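Structure, as structure tokens:
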Amino acid sequence: QAHVKESGGGSVQVGGSLRLSCSISGWTARRLWMGWFRQVPGKEREGISSSYIPDNSHYLASSVKGRFTVSQSRADDILYLQMDNLKPDDSGMYFCAASAGIFAYGGTFRPQDYTDWGPGTQVTVSS
């Protein structure tokens, strides 16, 4: 069973930055897609990024493009989400998830396409 865990959340003021990390262990499939999601109470989980780890391909949702960046460290099996110029609407619980699915270019931002999830890390942006 794979183990996914996020870290790096916290509180920041508007315009500030945070970097989230996602580590995965115990993954045995050859394909590995990893995604970042966020959710606020009462709303659906929103896909932010989708990454195909074997070839270092990263795709961002239009809602965060230009402010968020995704990168990875293959040596440590860690996926990073760099969030800059944060806004109050970026507040929420951020989740990392993994999938061995087959997806087209651009990946997938649908939560149901991911099978293994971390517990989440809270991000709060205050004005």
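Model, not experiment: these values are computed from the prediction. Numbers for residues simply follow the sequence, beginning at 1.
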For the [atom1] atom of [X] and the [atom2] atom of [Y], what is their distance to the nearest 0.5 Å?
{"X": "Leu32", "Y": "Asp55", "atom1": "CG", "atom2": "CG", "answer": "11.0 Å"}
{"X": "Arg67", "Y": "Ser17", "atom1": "CZ", "atom2": "OG", "answer": "10.0 Å"}
{"X": "Arg30", "Y": "Ile53", "atom1": "CZ", "atom2": "CD1", "answer": "15.5 Å"}

Taking all non-hydrogen atoms of both residues into account, name the closest pair between [X] and [Y] and its distance.
{"X": "Ala61", "Y": "Gly47", "value": "CB-O, 3.6 Å"}
{"X": "Val123", "Y": "Gly9", "value": "CG2-CA, 4.2 Å"}
{"X": "Ser91", "Y": "Val40", "value": "O-CG1, 3.1 Å"}
{"X": "Gly107", "Y": "Ser50", "value": "CA-OG, 3.4 Å"}
{"X": "Asp116", "Y": "Ala2", "value": "OD2-CB, 3.9 Å"}

Do [X] and [Y] share a hydrophobic cluster (ILVMFWY, side-chain heavy atoms under 4.5 Å, transitive)?
{"X": "Val70", "Y": "Ile24", "result": "yes"}
{"X": "Met83", "Y": "Tyr80", "result": "no"}
{"X": "Trp27", "Y": "Trp117", "result": "no"}
{"X": "Leu81", "Y": "Val4", "result": "yes"}
{"X": "Ile48", "Y": "Met34", "result": "yes"}

Can you tell if the side chain of [X] reaches within under 4.5 Å of the side chain of [Y], non-hydrogen atoms only?
{"X": "Gln39", "Y": "Phe95", "result": "yes"}
{"X": "Leu79", "Y": "His58", "result": "yes"}
{"X": "Trp36", "Y": "Glu6", "result": "yes"}
{"X": "Tyr114", "Y": "Cys96", "result": "no"}
{"X": "Thr121", "Y": "Ser7", "result": "no"}
{"X": "Gln112", "Y": "Ser99", "result": "no"}
{"X": "Val125", "Y": "Val14", "result": "yes"}

Gln122/Thr124 under side chain to side chain contact (heavy atoms under 4.5 Å, CB included): CA gap, chis, key distance, verdict: CA-CA 7 Å; Gln122 179 69 37; Thr124 302; 3.7 Å; yes
Assign the ring pair Tyr59 / Tyr105 to parallel, tilted or perpendicular, where the plane angle (0 to 90°) is split at 30° and 60°.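 The rings of Tyr59 and Tyr105 stand perpendicular, inter-plane angle above 60°.
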Hey, what's the ring geometry for Tyr52 with Trp33, parallel, tilted or perpendicular (30° and 60° as the breaks)?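 Taking Trp33 first and then Tyr52, their aromatic rings sit tilted (interplane angle of 30° to 60°).
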Go through Ser63 and Glu46 one step at a time and tell me if the side-chain hydrogen bond (donor to acceptor under 3.5 Å, both in side chains) criterion holds. CA-CA 10 Å; Ser63 60; Glu46 174 193 8; 3.1 Å; yes
With distance as the sole criterion, is a donor-acceptor pair present between the side chains of Ser127 and Gln13 under 3.5 Å?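 Gln13 and Ser127 do not have a side-chain donor-acceptor pair below 3.5 Å.
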Could you verify whether a donor N or O on one side chain and an acceptor N or O on the other, from His3 and Ser25, lie under 3.5 Å apart?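 Note: His3 and Ser25 side chains miss the donor-acceptor criterion.
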List for me each residue that meets side-chain hydrogen bond (donor to acceptor under 3.5 Å, both in side chains) alongside Asp89, sequence neighbours excluded, and say none if there are none.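 Partners of Asp89 under the side-chain hydrogen bond (donor to acceptor under 3.5 Å, both in side chains) test: none.
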Is the number of heavy atoms from other residues, nucleotides or ligands within 6.0 Å of CD (Gln1) greater than 12?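 At most 12 heavy atoms, drawn from other residues, nucleotides or ligands, come within 6.0 Å of this atom.
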Give a yes or no on whether a salt bridge exists between Asp113 and Arg110, defined as a side-chain N under 4.0 angstrom from a carboxylate O.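 Answer for the salt bridge query: yes.
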Can you check side chain to side chain contact (heavy atoms under 4.5 Å, CB included) on Leu60 and Ser49, steps first, answer last? CA-CA 4 Å; Leu60 284 166; Ser49 72; 3.9 Å; yes
Could you walk me through whether Phe68 and Leu86 pass side chain to side chain contact (heavy atoms under 4.5 Å, CB included), step by step? CA-CA 9 Å; Phe68 291 10; Leu86 284 162; 3.9 Å; yes
